Chemist: 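This structure is in structure tokens; I'll ask about it shortly.
Treat the numbers as computed from the prediction; the structure is a model and nothing was measured. Chain A is the first sequence line, chain B the second, and so forth, proteins listed ahead of strands; every chain is numbered from 1.
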Amino acid sequence: DAGVTQSPTHLIKTRGQHVTLRCSPISGHKSVSWYQQVLGQGPQFIFQYYEKEERGRGNFPDRFSARQFPNYSSELNVNALLLGDSALYLCASSTGPPGGLNTGELFFGEGSRLTVL
Amino acid sequence: LAKTTQPISMDSYEGQEVNITCSHNNIATNDYITWYQQFPSQGPRFIIQGYKTKVKNEVASLFIPADRKSSTLSLPRVSLSDTAVYYCLVGFPTGGGNKLTFGTGTQLKVEL
């Protein structure tokens, strides 16, 4: 069975540009969450979606946006890129909704490595 | 502001038991505590999850005291391949829903 897939795996952008990262969850998983991981630090929560609705948002500026499609895949968009946006962007999927009785096991993709020059 | 803390690094030798503790305040009443392992340039991998007391699976044990303000991951008889960063993950309540916050991560180095 395919795991969580993310694309692209690596990309280079310049300051001020826009980027779109894509994520396909494991089949049957309805929840997708996004994380930013700067080198040497733990993943920082950006967004969580369940059944195409935003269910959680981390402390990131409005330049960051996301959406979830009817097939449960997701996109993360970042506008007006800054040097500090350089990081590994991780997508995770899970079966159930966020919070509630448990957070559920998260299945992570290998990430998209974004470099902003 | 909710915060989780872990030791930055730990060193061990093959065959030893390793215990990594995560401190977490303001954990949501209904949220579980989950531990993940991460190798360089890879996404985190699930190790174990628990709510309270003790949980055990084929690779690790998890101890959670009654107040749930901390948790301890126990890795029995570590090997070189266990060298990785270990994160605890808990959910913290926010106005619009739970925020999933990773701990600071513990770099475990296992030597012969």
Chemist: Does some side-chain heavy atom of A:L106 sit less than 4.5 Å from a side-chain heavy atom of B:L89?
Modeler: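 Yes, at least one pair of side-chain atoms sits under 4.5 Å.
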Chemist: If you group Ile, Leu, Val, Met, Phe, Trp and Tyr by side-chain heavy-atom gaps below 4.5 Å, do B:L73 and B:F63 land in one group?
Modeler: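 No, B:L73 does not connect to B:F63 through the hydrophobic network.
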Chemist: What heavy-atom pair brings A:L90 and B:G43 nearest, and what distance separates the two atoms?
Modeler: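 Heavy atoms only, the tightest pair is CD2-CA, 3.9 Å.
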Chemist: I'd like to know whether CG of A:N71 has more than 12 heavy-atom contacts from other residues, nucleotides or ligands below 6.0 angstrom.
Modeler: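 Counting other residues, nucleotides and ligands, CG of A:N71 exceeds 12 neighbours.
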Chemist: How about CZ on A:R63, more than 12 heavy atoms from neighbouring residues, nucleotides or ligands closer than 6.0 Å, or not?
Modeler: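 Count over threshold, so yes.
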Chemist: Relative to chain B, which segment of A:Y35 carries a heavy atom at a distance below 4.5 Å: side chain, backbone, both, or neither?
Modeler: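 The side chain, not the backbone.
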Chemist: Please name the pair of heavy atoms, one in B:Y87 and one in A:Q37, separated by the smallest distance, quoted to 0.1 Å.
Modeler: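 Distance-wise, the nearest heavy atoms are OH-NE2, 3.2 Å.
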Chemist: Just wondering, are more than 12 heavy atoms of other shown residues or ligands nearer than 6.0 Å to CD in B:E111?
Modeler: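 It does: B:E111 CD has more than 12 such atoms within range.
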Chemist: Could you look at B:Q107 and say if it's the side chain, the backbone, both or neither that has a heavy atom under 4.5 Å from chain A?
Modeler: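 No part of it gets close to chain A.
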Chemist: Around atom CD1 of B:I8, are there more than 12 heavy atoms of other residues, nucleotides or ligands at under 6.0 Å?
Modeler: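 Incorrect, the count does not exceed 12.
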Chemist: Counting only heavy atoms closer than 4.5 Å, note whether A:E110 contacts chain B via side chain, backbone, both or neither.
Modeler: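 Both the backbone and the side chain of A:E110 come within 4.5 Å of chain B.
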